[in-house]
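Whatever order the structure lists them in is the order used to number ligands and atoms, beginning at 1. When a residue number appears, it is its place in the shown sequence, counting from 1. Model, not experiment: these values are computed from the prediction.
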Amino acid sequence: MPKPEITLYGAHWCPDCRHSKQFLGEHQIPYNWVDIEQDKEAELLVIEKNQGKRIIPTIVFADGSFLVEPNNAELAAKLGLKTQASRTHYDLIVLGGGPAGLTAALYTAREAIDTLVIERAAFGGQAAVTERIDNMPGFPEGVGGMEFSQRLRQQAERFGVELLQAQDVTEVTSHDNYRCAKTADGSQYSARALLVATGSRYRRLNVPGESEYLGAGVHFCATCDGPFYRGKRVVVVGGGNSAAQESLLLTKFADQVTILVRGGQLKASQILQENVLDHPKIIVRWHTDVVAFTGKDSKLTALHIKNNQTENEEELAVDGTFIFIGLEPNTEFLKGSEVLLDRWGFIVTGHSLRHQEKWPKSLELRDPYLLETSVPGIFAAGDVRDNSTKQVVSSAGEGSSAALMIREYLRLA
Ligand SMILES: Cc1cc2nc3c(=O)[nH]c(=O)nc-3n(C[C@H](O)[C@H](O)[C@H](O)COP(=O)(O)OP(=O)(O)OC[C@H]3O[C@@H](n4cnc5c(N)ncnc54)[C@H](O)[C@@H]3O)c2cc1C
(Lines give C-alpha, C1' and ligand atoms only; values in the text may rest on other atoms or scores of the structure.)
Protein backbone atom coordinates (compact mmCIF):
# COMPACT_ATOMS: atom_id res chain seq x y z
CA MET A 1 0.00 0.00 0.00
CA PRO A 2 1.43 3.45 -0.87
CA LYS A 3 2.09 5.73 2.11
CA PRO A 4 -0.73 8.27 2.58
CA GLU A 5 0.24 11.71 1.37
CA ILE A 6 -2.00 13.58 3.76
CA THR A 7 -1.34 14.03 7.47
CA LEU A 8 -4.13 15.12 9.76
CA TYR A 9 -2.83 16.67 12.98
CA GLY A 10 -5.43 16.78 15.74
CA ALA A 11 -6.41 15.48 19.14
CA HIS A 12 -8.84 12.80 20.20
CA TRP A 13 -11.17 15.28 21.94
CA CYS A 14 -11.45 17.66 18.96
CA PRO A 15 -14.88 17.53 17.18
CA ASP A 16 -13.61 19.35 14.05
CA CYS A 17 -10.81 16.77 13.74
CA ARG A 18 -13.44 14.04 13.88
CA HIS A 19 -15.38 15.84 11.17
CA SER A 20 -12.32 15.98 8.88
CA LYS A 21 -11.55 12.33 9.61
CA GLN A 22 -15.10 11.42 8.71
CA PHE A 23 -14.91 13.36 5.43
CA LEU A 24 -11.64 11.66 4.44
CA GLY A 25 -13.02 8.28 5.51
CA GLU A 26 -16.26 8.71 3.54
CA HIS A 27 -14.25 9.59 0.43
CA GLN A 28 -11.85 6.71 1.04
CA ILE A 29 -8.85 9.04 1.02
CA PRO A 30 -5.85 7.54 2.85
CA TYR A 31 -4.23 9.73 5.52
CA ASN A 32 -1.95 9.61 8.55
CA TRP A 33 -3.54 10.58 11.85
CA VAL A 34 -1.26 12.24 14.39
CA ASP A 35 -2.54 13.10 17.87
CA ILE A 36 -0.52 16.16 18.85
CA GLU A 37 -1.10 15.43 22.52
CA GLN A 38 0.94 12.27 22.11
CA ASP A 39 3.62 13.73 19.84
CA LYS A 40 5.58 16.83 20.91
CA GLU A 41 7.25 17.28 17.50
CA ALA A 42 3.89 17.21 15.78
CA GLU A 43 2.55 19.81 18.20
CA LEU A 44 5.49 22.10 17.42
CA LEU A 45 4.90 21.63 13.69
CA VAL A 46 1.25 22.67 14.11
CA ILE A 47 2.28 25.72 16.15
CA GLU A 48 4.85 26.69 13.51
CA LYS A 49 2.35 26.34 10.63
CA ASN A 50 -0.20 28.45 12.52
CA GLN A 51 2.18 31.28 13.47
CA GLY A 52 2.39 30.45 17.12
CA LYS A 53 -1.15 29.16 17.56
CA ARG A 54 -2.08 25.58 18.34
CA ILE A 55 -5.00 25.19 15.92
CA ILE A 56 -6.38 21.79 14.97
CA PRO A 57 -7.22 20.12 12.74
CA THR A 58 -4.23 21.16 10.65
CA ILE A 59 -4.06 19.03 7.50
CA VAL A 60 -0.74 18.90 5.67
CA PHE A 61 -0.53 17.72 2.04
CA ALA A 62 2.32 16.08 0.10
CA ASP A 63 3.51 19.36 -1.40
CA GLY A 64 3.78 20.97 2.06
CA SER A 65 0.62 23.07 1.65
CA PHE A 66 -1.89 22.85 4.47
CA LEU A 67 -5.45 23.63 5.54
CA VAL A 68 -6.51 24.70 9.01
CA GLU A 69 -9.99 23.84 10.33
CA PRO A 70 -11.32 23.35 6.78
CA ASN A 71 -15.01 22.87 6.07
CA ASN A 72 -16.14 20.09 3.70
CA ALA A 73 -16.25 22.39 0.66
CA GLU A 74 -12.65 23.62 1.25
CA LEU A 75 -11.42 20.08 1.78
CA ALA A 76 -13.23 18.83 -1.35
CA ALA A 77 -11.75 21.66 -3.44
CA LYS A 78 -8.23 21.00 -2.11
CA LEU A 79 -8.55 17.31 -2.90
CA GLY A 80 -9.64 18.11 -6.43
CA LEU A 81 -13.09 16.53 -6.08
CA LYS A 82 -15.53 17.65 -8.74
CA THR A 83 -18.47 19.18 -6.88
CA GLN A 84 -20.16 21.22 -9.64
CA ALA A 85 -21.73 19.85 -12.80
CA SER A 86 -20.83 21.31 -16.20
CA ARG A 87 -24.51 21.91 -17.08
CA THR A 88 -27.84 22.16 -15.29
CA HIS A 89 -29.92 19.85 -17.50
CA TYR A 90 -29.36 16.17 -18.46
CA ASP A 91 -31.31 13.27 -19.93
CA LEU A 92 -30.82 11.33 -16.71
CA ILE A 93 -29.62 12.16 -13.22
CA VAL A 94 -28.58 9.24 -11.02
CA LEU A 95 -28.61 9.90 -7.28
CA GLY A 96 -25.93 7.79 -5.58
CA GLY A 97 -22.73 6.32 -7.00
CA GLY A 98 -22.83 2.82 -5.52
CA PRO A 99 -23.02 -0.42 -7.56
CA ALA A 100 -26.64 0.27 -8.60
CA GLY A 101 -26.10 3.90 -9.61
CA LEU A 102 -22.79 3.42 -11.43
CA THR A 103 -24.00 0.34 -13.30
CA ALA A 104 -27.14 2.16 -14.45
CA ALA A 105 -25.03 5.16 -15.48
CA LEU A 106 -22.57 3.17 -17.55
CA TYR A 107 -25.46 1.43 -19.33
CA THR A 108 -27.25 4.70 -20.16
CA ALA A 109 -24.13 6.67 -21.11
CA ARG A 110 -23.08 3.83 -23.39
CA GLU A 111 -26.40 4.34 -25.21
CA ALA A 112 -25.72 8.07 -25.57
CA ILE A 113 -28.15 9.03 -22.80
CA ASP A 114 -26.61 12.08 -21.24
CA THR A 115 -26.01 11.04 -17.61
CA LEU A 116 -24.99 12.85 -14.42
CA VAL A 117 -24.27 10.94 -11.19
CA ILE A 118 -24.42 12.84 -7.89
CA GLU A 119 -22.60 11.16 -4.99
CA ARG A 120 -22.10 12.52 -1.50
CA ALA A 121 -19.22 10.33 -0.41
CA ALA A 122 -16.93 7.79 -2.11
CA PHE A 123 -17.93 6.08 -5.36
CA GLY A 124 -18.76 2.44 -4.77
CA GLY A 125 -21.10 3.03 -1.82
CA GLN A 126 -21.15 0.24 0.74
CA ALA A 127 -19.15 -1.96 -1.60
CA ALA A 128 -16.24 0.49 -1.26
CA VAL A 129 -16.09 -0.01 2.50
CA THR A 130 -16.34 -3.80 2.28
CA GLU A 131 -12.99 -5.45 2.84
CA ARG A 132 -13.56 -8.23 0.32
CA ILE A 133 -16.47 -9.24 -1.92
CA ASP A 134 -16.33 -12.99 -2.19
CA ASN A 135 -19.56 -13.66 -4.04
CA MET A 136 -19.10 -11.46 -7.12
CA PRO A 137 -19.49 -13.65 -10.22
CA GLY A 138 -16.36 -13.63 -12.37
CA PHE A 139 -13.93 -13.09 -9.47
CA PRO A 140 -12.97 -16.62 -8.37
CA GLU A 141 -10.60 -15.32 -5.68
CA GLY A 142 -12.98 -12.56 -4.55
CA VAL A 143 -12.28 -8.88 -5.10
CA GLY A 144 -11.40 -6.06 -2.71
CA GLY A 145 -14.38 -3.71 -2.22
CA MET A 146 -12.24 -0.68 -2.96
CA GLU A 147 -10.75 -2.21 -6.10
CA PHE A 148 -14.19 -3.21 -7.36
CA SER A 149 -15.49 0.32 -6.76
CA GLN A 150 -12.56 1.92 -8.58
CA ARG A 151 -13.13 -0.38 -11.55
CA LEU A 152 -16.83 0.53 -11.66
CA ARG A 153 -16.00 4.22 -11.57
CA GLN A 154 -13.41 3.90 -14.36
CA GLN A 155 -15.91 2.00 -16.49
CA ALA A 156 -18.58 4.68 -16.00
CA GLU A 157 -16.04 7.38 -16.88
CA ARG A 158 -14.98 5.50 -20.01
CA PHE A 159 -18.53 5.80 -21.35
CA GLY A 160 -18.67 9.52 -20.56
CA VAL A 161 -20.75 9.63 -17.37
CA GLU A 162 -20.34 12.96 -15.57
CA LEU A 163 -19.57 12.33 -11.90
CA LEU A 164 -20.07 14.73 -9.00
CA GLN A 165 -18.66 14.01 -5.56
CA ALA A 166 -19.07 15.48 -2.07
CA GLN A 167 -22.57 16.65 -2.96
CA ASP A 168 -25.54 15.65 -0.87
CA VAL A 169 -28.90 15.54 -2.63
CA THR A 170 -31.31 17.30 -0.30
CA GLU A 171 -34.54 17.48 -2.31
CA VAL A 172 -36.26 15.90 -5.29
CA THR A 173 -39.10 17.62 -7.10
CA SER A 174 -41.07 17.04 -10.25
CA HIS A 175 -42.99 19.36 -12.56
CA ASP A 176 -44.19 18.98 -16.14
CA ASN A 177 -41.54 16.93 -17.95
CA TYR A 178 -38.79 17.84 -15.48
CA ARG A 179 -37.41 15.74 -12.65
CA CYS A 180 -35.19 17.87 -10.44
CA ALA A 181 -32.56 17.30 -7.76
CA LYS A 182 -31.27 19.96 -5.39
CA THR A 183 -27.88 19.60 -3.68
CA ALA A 184 -26.68 20.86 -0.30
CA ASP A 185 -24.76 23.76 -1.86
CA GLY A 186 -28.06 25.09 -3.28
CA SER A 187 -27.47 23.94 -6.89
CA GLN A 188 -30.48 22.66 -8.78
CA TYR A 189 -30.20 20.15 -11.64
CA SER A 190 -33.00 18.97 -13.91
CA ALA A 191 -33.42 15.93 -16.15
CA ARG A 192 -35.97 14.04 -18.18
CA ALA A 193 -35.65 11.08 -15.83
CA LEU A 194 -34.18 10.42 -12.40
CA LEU A 195 -32.85 7.25 -10.82
CA VAL A 196 -32.67 7.03 -7.03
CA ALA A 197 -29.87 4.64 -6.08
CA THR A 198 -28.91 6.08 -2.70
CA GLY A 199 -28.68 2.74 -0.92
CA SER A 200 -28.76 2.49 2.82
CA ARG A 201 -26.68 3.31 5.87
CA TYR A 202 -25.83 1.74 9.20
CA ARG A 203 -28.56 1.63 11.79
CA ARG A 204 -27.65 3.10 15.16
CA LEU A 205 -28.37 1.74 18.61
CA ASN A 206 -29.78 5.10 19.78
CA VAL A 207 -28.52 4.72 23.34
CA PRO A 208 -26.88 7.41 25.50
CA GLY A 209 -23.31 8.27 24.51
CA GLU A 210 -23.47 6.75 21.01
CA SER A 211 -23.57 10.08 19.14
CA GLU A 212 -21.16 11.74 21.57
CA TYR A 213 -18.38 9.22 20.85
CA LEU A 214 -18.96 8.87 17.09
CA GLY A 215 -15.52 8.73 15.50
CA ALA A 216 -13.96 8.83 18.99
CA GLY A 217 -14.42 5.17 19.79
CA VAL A 218 -17.77 4.43 18.12
CA HIS A 219 -17.52 3.37 14.46
CA PHE A 220 -19.52 1.78 11.64
CA CYS A 221 -16.72 0.80 9.24
CA ALA A 222 -13.98 -1.65 10.16
CA THR A 223 -12.11 -1.13 6.88
CA CYS A 224 -11.96 2.62 7.51
CA ASP A 225 -11.26 2.71 11.25
CA GLY A 226 -10.02 -0.78 12.19
CA PRO A 227 -6.33 0.14 11.67
CA PHE A 228 -6.60 2.67 14.53
CA TYR A 229 -7.05 -0.26 16.93
CA ARG A 230 -3.79 -2.15 16.49
CA GLY A 231 -3.09 -4.11 19.65
CA LYS A 232 -6.30 -2.90 21.34
CA ARG A 233 -9.59 -4.40 22.57
CA VAL A 234 -12.64 -3.76 20.46
CA VAL A 235 -16.30 -4.69 20.65
CA VAL A 236 -18.55 -5.50 17.71
CA VAL A 237 -22.31 -5.13 18.19
CA GLY A 238 -24.49 -7.38 16.00
CA GLY A 239 -24.85 -10.98 14.95
CA GLY A 240 -25.44 -10.94 11.18
CA ASN A 241 -23.17 -11.32 8.16
CA SER A 242 -21.72 -7.82 8.39
CA ALA A 243 -20.92 -8.16 12.10
CA ALA A 244 -19.22 -11.52 11.51
CA GLN A 245 -17.30 -10.38 8.44
CA GLU A 246 -16.13 -7.16 10.04
CA SER A 247 -15.15 -8.93 13.29
CA LEU A 248 -12.88 -11.21 11.30
CA LEU A 249 -11.34 -8.18 9.62
CA LEU A 250 -10.81 -6.50 13.01
CA THR A 251 -8.79 -9.49 14.24
CA LYS A 252 -6.07 -8.34 11.83
CA PHE A 253 -5.57 -5.24 14.00
CA ALA A 254 -7.03 -5.72 17.46
CA ASP A 255 -5.73 -8.14 20.11
CA GLN A 256 -9.24 -9.05 21.18
CA VAL A 257 -12.65 -8.74 19.50
CA THR A 258 -15.75 -9.24 21.65
CA ILE A 259 -19.00 -9.68 19.74
CA LEU A 260 -22.19 -8.71 21.58
CA VAL A 261 -25.21 -10.58 20.25
CA ARG A 262 -28.78 -9.79 21.39
CA GLY A 263 -30.05 -13.31 20.87
CA GLY A 264 -28.66 -16.78 21.49
CA GLN A 265 -27.15 -17.36 18.05
CA LEU A 266 -25.43 -15.68 15.14
CA LYS A 267 -27.52 -14.96 12.05
CA ALA A 268 -24.47 -14.92 9.78
CA SER A 269 -23.95 -17.55 7.07
CA GLN A 270 -22.73 -20.96 8.24
CA ILE A 271 -19.18 -20.46 6.97
CA LEU A 272 -18.86 -17.07 8.68
CA GLN A 273 -20.26 -18.48 11.92
CA GLU A 274 -17.67 -21.24 11.89
CA ASN A 275 -14.85 -18.80 11.19
CA VAL A 276 -15.97 -16.50 13.99
CA LEU A 277 -16.60 -19.17 16.61
CA ASP A 278 -13.27 -20.88 15.88
CA HIS A 279 -11.22 -17.70 15.94
CA PRO A 280 -8.82 -17.48 18.92
CA LYS A 281 -9.08 -13.69 19.15
CA ILE A 282 -12.90 -13.56 19.13
CA ILE A 283 -15.18 -13.89 22.17
CA VAL A 284 -18.95 -14.00 21.65
CA ARG A 285 -21.31 -12.85 24.41
CA TRP A 286 -24.92 -13.92 23.92
CA HIS A 287 -28.15 -12.21 25.05
CA THR A 288 -26.34 -8.93 25.51
CA ASP A 289 -27.73 -5.41 24.97
CA VAL A 290 -25.75 -2.19 24.98
CA VAL A 291 -27.30 0.25 27.46
CA ALA A 292 -24.89 3.19 27.16
CA PHE A 293 -21.46 4.36 26.01
CA THR A 294 -19.24 6.22 28.46
CA GLY A 295 -15.82 7.78 28.22
CA LYS A 296 -13.22 10.18 29.46
CA ASP A 297 -11.74 13.26 27.77
CA SER A 298 -14.19 12.86 24.85
CA LYS A 299 -12.93 9.34 24.13
CA LEU A 300 -14.93 6.16 24.59
CA THR A 301 -13.63 3.99 27.43
CA ALA A 302 -16.48 1.63 28.34
CA LEU A 303 -19.80 0.12 27.37
CA HIS A 304 -22.61 -0.47 29.83
CA ILE A 305 -24.14 -3.77 28.88
CA LYS A 306 -27.05 -5.83 30.15
CA ASN A 307 -27.81 -9.51 29.86
CA ASN A 308 -31.40 -9.48 28.56
CA GLN A 309 -32.16 -12.83 30.23
CA THR A 310 -30.71 -12.32 33.71
CA GLU A 311 -31.01 -8.48 33.66
CA ASN A 312 -27.45 -8.33 35.06
CA GLU A 313 -25.68 -5.09 34.14
CA GLU A 314 -21.94 -4.59 33.91
CA GLU A 315 -19.32 -2.21 32.59
CA LEU A 316 -17.09 -3.48 29.81
CA ALA A 317 -13.84 -1.58 29.29
CA VAL A 318 -13.09 -1.08 25.57
CA ASP A 319 -10.90 0.94 23.25
CA GLY A 320 -13.37 0.99 20.38
CA THR A 321 -16.79 -0.27 19.31
CA PHE A 322 -18.04 -1.15 15.85
CA ILE A 323 -21.82 -1.32 15.32
CA PHE A 324 -23.29 -3.56 12.61
CA ILE A 325 -27.01 -3.96 13.36
CA GLY A 326 -28.59 -3.49 9.97
CA LEU A 327 -29.41 -0.79 7.52
CA GLU A 328 -31.75 2.15 7.03
CA PRO A 329 -32.64 3.55 3.59
CA ASN A 330 -31.20 6.90 2.47
CA THR A 331 -34.50 8.47 1.45
CA GLU A 332 -34.90 11.54 3.72
CA PHE A 333 -34.64 13.85 0.71
CA LEU A 334 -37.78 12.24 -0.76
CA LYS A 335 -40.00 13.36 2.11
CA GLY A 336 -42.32 15.94 0.62
CA SER A 337 -41.99 14.43 -2.86
CA GLU A 338 -44.71 12.18 -4.26
CA VAL A 339 -42.41 9.15 -4.30
CA LEU A 340 -44.14 6.46 -2.28
CA LEU A 341 -42.11 4.85 0.52
CA ASP A 342 -42.92 1.75 2.56
CA ARG A 343 -43.25 1.98 6.33
CA TRP A 344 -39.49 1.61 6.80
CA GLY A 345 -38.71 4.33 4.27
CA PHE A 346 -37.68 2.07 1.35
CA ILE A 347 -38.97 3.05 -2.12
CA VAL A 348 -41.93 1.16 -3.58
CA THR A 349 -41.60 0.40 -7.30
CA GLY A 350 -43.28 -1.36 -10.23
CA HIS A 351 -46.09 -3.79 -9.53
CA SER A 352 -45.76 -3.40 -5.76
CA LEU A 353 -47.43 -0.02 -6.26
CA ARG A 354 -50.61 -1.88 -7.13
CA HIS A 355 -50.55 -3.64 -3.75
CA GLN A 356 -50.64 -0.42 -1.75
CA GLU A 357 -53.74 0.48 0.25
CA LYS A 358 -54.14 3.65 -1.77
CA TRP A 359 -53.03 3.59 -5.39
CA PRO A 360 -50.87 6.52 -6.44
CA LYS A 361 -52.46 8.84 -9.03
CA SER A 362 -49.91 7.84 -11.67
CA LEU A 363 -51.46 4.35 -11.92
CA GLU A 364 -54.65 5.82 -13.31
CA LEU A 365 -52.75 6.71 -16.51
CA ARG A 366 -50.59 3.65 -17.14
CA ASP A 367 -48.85 0.68 -15.54
CA PRO A 368 -45.50 1.62 -14.03
CA TYR A 369 -42.34 0.29 -15.63
CA LEU A 370 -40.37 -2.27 -13.68
CA LEU A 371 -38.40 -0.27 -11.05
CA GLU A 372 -40.40 2.91 -11.69
CA THR A 373 -41.70 4.71 -8.60
CA SER A 374 -45.10 6.29 -8.02
CA VAL A 375 -43.80 9.38 -9.88
CA PRO A 376 -43.51 8.72 -13.62
CA GLY A 377 -39.93 9.19 -14.79
CA ILE A 378 -38.44 8.61 -11.32
CA PHE A 379 -36.96 5.13 -10.93
CA ALA A 380 -35.24 3.36 -8.02
CA ALA A 381 -32.67 0.56 -7.87
CA GLY A 382 -30.54 -1.30 -5.35
CA ASP A 383 -30.62 -1.32 -1.56
CA VAL A 384 -32.87 1.72 -1.37
CA ARG A 385 -35.75 -0.17 -2.99
CA ASP A 386 -38.23 -2.16 -0.94
CA ASN A 387 -37.82 -5.93 -1.28
CA SER A 388 -34.35 -5.60 -2.81
CA THR A 389 -31.92 -8.35 -1.87
CA LYS A 390 -29.12 -6.08 -0.58
CA GLN A 391 -26.18 -7.56 -2.47
CA VAL A 392 -23.59 -6.02 -4.77
CA VAL A 393 -24.46 -8.18 -7.74
CA SER A 394 -28.23 -7.75 -7.37
CA SER A 395 -27.85 -3.97 -6.92
CA ALA A 396 -25.74 -3.80 -10.07
CA GLY A 397 -28.34 -5.99 -11.79
CA GLU A 398 -31.14 -3.66 -10.73
CA GLY A 399 -29.06 -0.74 -11.98
CA SER A 400 -28.83 -2.31 -15.43
CA SER A 401 -32.57 -3.17 -15.47
CA ALA A 402 -33.45 0.37 -14.42
CA ALA A 403 -31.24 1.73 -17.22
CA LEU A 404 -33.10 -0.33 -19.81
CA MET A 405 -36.48 0.80 -18.44
CA ILE A 406 -35.30 4.42 -18.43
CA ARG A 407 -34.18 4.09 -22.04
CA GLU A 408 -37.69 2.92 -22.90
CA TYR A 409 -39.30 5.69 -20.87
CA LEU A 410 -37.15 8.37 -22.54
CA ARG A 411 -37.89 6.97 -25.98
CA LEU A 412 -41.62 7.45 -25.45
CA ALA A 413 -41.58 10.53 -23.22
C1 LIG B 1 -19.85 -4.16 5.70
C2 LIG B 1 -20.58 -4.65 4.48
C3 LIG B 1 -20.19 -5.81 3.85
C4 LIG B 1 -20.88 -6.25 2.70
N5 LIG B 1 -20.45 -7.38 2.06
C6 LIG B 1 -21.04 -7.78 0.92
C7 LIG B 1 -20.58 -8.92 0.20
O8 LIG B 1 -19.60 -9.55 0.58
N9 LIG B 1 -21.24 -9.28 -0.95
C10 LIG B 1 -22.33 -8.58 -1.40
O11 LIG B 1 -22.87 -8.92 -2.44
N12 LIG B 1 -22.79 -7.49 -0.73
C13 LIG B 1 -22.18 -7.08 0.41
N14 LIG B 1 -22.66 -5.98 1.09
C15 LIG B 1 -23.87 -5.30 0.59
C16 LIG B 1 -23.57 -4.41 -0.64
O17 LIG B 1 -22.42 -3.62 -0.37
C18 LIG B 1 -24.77 -3.53 -0.94
O19 LIG B 1 -25.89 -4.36 -1.16
C20 LIG B 1 -24.55 -2.70 -2.21
O21 LIG B 1 -23.41 -1.86 -2.08
C22 LIG B 1 -25.76 -1.81 -2.46
O23 LIG B 1 -25.52 -1.04 -3.58
P24 LIG B 1 -26.37 0.29 -3.87
O25 LIG B 1 -25.74 0.94 -5.03
O26 LIG B 1 -27.80 -0.06 -3.93
O27 LIG B 1 -26.23 1.19 -2.56
P28 LIG B 1 -24.94 1.71 -1.79
O29 LIG B 1 -23.80 0.83 -1.97
O30 LIG B 1 -25.44 2.00 -0.43
O31 LIG B 1 -24.62 3.09 -2.54
C32 LIG B 1 -25.46 4.20 -2.42
C33 LIG B 1 -24.66 5.47 -2.63
O34 LIG B 1 -25.52 6.60 -2.57
C35 LIG B 1 -24.88 7.65 -1.86
N36 LIG B 1 -25.90 8.54 -1.28
C37 LIG B 1 -26.78 8.25 -0.29
N38 LIG B 1 -27.56 9.31 -0.03
C39 LIG B 1 -27.17 10.29 -0.87
C40 LIG B 1 -27.59 11.63 -1.09
N41 LIG B 1 -28.59 12.18 -0.37
N42 LIG B 1 -26.96 12.36 -2.03
C43 LIG B 1 -25.94 11.83 -2.78
N44 LIG B 1 -25.50 10.56 -2.61
C45 LIG B 1 -26.11 9.80 -1.68
C46 LIG B 1 -24.08 6.93 -0.80
O47 LIG B 1 -23.00 7.73 -0.33
C48 LIG B 1 -23.60 5.69 -1.56
O49 LIG B 1 -22.35 5.87 -2.15
C50 LIG B 1 -21.99 -5.52 2.21
C51 LIG B 1 -22.38 -4.34 2.86
C52 LIG B 1 -21.70 -3.90 3.98
C53 LIG B 1 -22.14 -2.62 4.65
Side-chain angles (χ1 to χ4, degrees), residues 25-28 83 93-105 116-137 139 142-146 148-149 152-153 163-172 181-185 187 189 194-203 219-226 236 238 240-250 268-269 271-272 322-335 345-347 371 380-385 388-400 402:
E26 279 174 352
H27 291 83
Q28 301 278 299
T83 57
I93 298 177
V94 177
L95 314 184
L102 289 180
T103 306
L116 171 73
V117 175
I118 307 179
E119 168 56 55
R120 71 173 170 202
F123 289 106
Q126 296 166 68
V129 296
T130 304
E131 157 77 352
R132 197 146 197 89
I133 304 166
D134 243 358
N135 50 2
M136 190 69 195
F139 292 89
V143 56
M146 177 77 93
F148 173 74
S149 303
L152 254 185
R153 177 189 179 152
L163 300 171
L164 289 197
Q165 222 175 330
Q167 280 296 5
D168 215 317
V169 174
T170 52
E171 193 183 340
V172 162
K182 197 171 174 185
T183 51
D185 66 346
S187 303
Y189 301 102
L194 210 90
L195 172 65
V196 185
T198 44
S200 44
R201 62 175 181 277
Y202 303 105
R203 183 171 289 143
H219 307 275
F220 297 88
C221 172
T223 311
C224 319
D225 300 317
V236 166
N241 278 328
S242 294
Q245 229 170 15
E246 302 297 292
S247 299
L248 290 166
L249 171 64
L250 285 166
S269 68
I271 177 93
L272 281 173
F322 291 79
I323 302 170
F324 303 108
I325 53 165
L327 299 164
E328 275 174 327
N330 293 318
T331 48
E332 296 75 11
F333 58 90
L334 290 173
K335 307 261 158 72
F346 290 92
I347 302 174
L371 304 181
D383 277 17
V384 75
R385 208 178 60 75
S388 60
T389 50
K390 318 271 183 295
Q391 290 291 294
V392 174
V393 71
S394 51
S395 295
E398 287 195 12
S400 69

Which ligand 1 atoms does A122 reach within 4.0 Å, using its non-hydrogen atoms? 49 (O)
Does the pair D185 and T183 meet the rule for a side-chain hydrogen bond (donor to acceptor under 3.5 Å, both in side chains), with working shown? CA-CA 6 Å; D185 66 346; T183 51; 2.6 Å; yes
Just need the protein heavy atom nearest to atom 7 (C) of ligand 1, so name the residue and atom and give the distance. N135 OD1, 3.9 Å
Can a protein heavy atom be found under 4.0 Å away from atom 11 (O) of ligand 1? yes
Anything under 30° is parallel, anything over 60° is perpendicular, the rest tilted; go ahead and classify Y202 against F324. perpendicular
Which atom names give the shortest non-hydrogen contact between I118 and Y189, and what distance separates them? CD1-CD1, 4.0 Å
List the closest protein heavy-atom neighbour of atom 37 (C) of ligand 1: residue, atom name, distance to the nearest 0.1 Å. T198 O, 3.2 Å
the protein heavy atom lying closest to atom 52 (C) of ligand 1 turns out to be T130 OG1, 3.9 Å
Show which atoms of ligand 1 fall inside a sub-4.0 Å distance from at least one heavy-atom site of G382. 26 (O)
Backbone or side-chain N or O of P99 under 3.5 Å from ligand 1 N or O: yes
So for ligand 1, is V392 a polar contact partner (N or O within less than 3.5 Å, distance only)? yes
Tell me the contacting part of I118 for ligand 1: side chain, backbone, both, or neither, using a 4.0 Å heavy-atom threshold, strictly below. backbone
Under 4.0 Å from one or more heavy atoms of A127, ligand 1 contributes atoms 17 (O), 21 (O)
Closest approach of any protein heavy atom to atom 26 (O) of ligand 1, naming residue and atom: D383 N, 2.9 Å
Using a 4.0 Å cutoff against the non-hydrogen atoms of Q245, which atoms of ligand 1 qualify? 3 (C), 4 (C), 5 (N), 8 (O)
Considering both backbone and side-chain atoms of A100, is one of its nitrogen or oxygen atoms within less than 3.5 Å of a nitrogen or oxygen in ligand 1? yes
Any N or O of E119 that comes nearer than 3.5 Å to an N or O of ligand 1? yes
For V169, is at least one N or O under 3.5 Å away from an N or O on ligand 1? yes
Between S395 and ligand 1, find which residue part has any heavy-atom pair under 4.0 Å and reply side chain, backbone, both or neither. side chain
Side chain, backbone, both or neither: which part of Q167 comes within less than 4.0 Å of ligand 1 when only heavy atoms are counted? backbone
So for D168, does at least one of its heavy atoms come nearer than 4.0 angstrom to any atom of ligand 1? yes
Protein contact to atom 27 (O) of ligand 1 [nearest heavy atom, distance to 0.1 Å]: G199 CA, 3.3 Å
Have a look at ligand 1 and work out which part of E246, if any, has a heavy atom under 4.0 Å from it: side chain, backbone, both or neither. side chain
Between A197 and ligand 1, which residue portion shows a heavy-atom distance shorter than 4.0 Å: side chain, backbone, both, or neither? backbone
Would you check whether R201 reaches within less than 4.0 Å of ligand 1, judged by its heavy atoms? no
State whether E119 and R153 are salt-bridged, where the test is any N-O pair (Lys NZ or Arg NE/NH1/NH2 against Asp/Glu carboxylate O) under 4.0 Å. no
Give the atom numbers and elements of ligand 1 that come within less than 4.0 Å of a heavy atom of S200. 30 (O)
Report yes or no: does T198 contribute a side-chain atom to a donor-acceptor pair with the main-chain N or O of G96 at less than 3.5 Å? no
Q391 versus ligand 1: do any nitrogen or oxygen atoms come within less than 3.5 Å of each other? yes
Counting heavy atoms only, which of R385, E398, Q126 comes nearest to atom 17 (O) of ligand 1? Q126
I need the contact type for F333 against ligand 1. Using non-hydrogen atoms and a strict under-4.0 Å cut-off, is it side chain, backbone, both or neither? side chain
Taking distance alone, with N or O pairs closer than 3.5 Å, would you say Y202 contacts ligand 1? no
Contacting atoms of ligand 1, where contact means under 4.0 angstrom from a heavy atom of K390: 15 (C), 19 (O)
Least distance between heavy atoms, R203 atom then I323 atom: O-CG2, 4.0 Å
Which bit of A222 is near ligand 1, meaning a heavy atom under 4.0 Å away: side chain, backbone, both or neither? neither
Is a side-chain N or O of H27 found less than 3.5 angstrom from the main chain of F123, in a donor-acceptor match? no
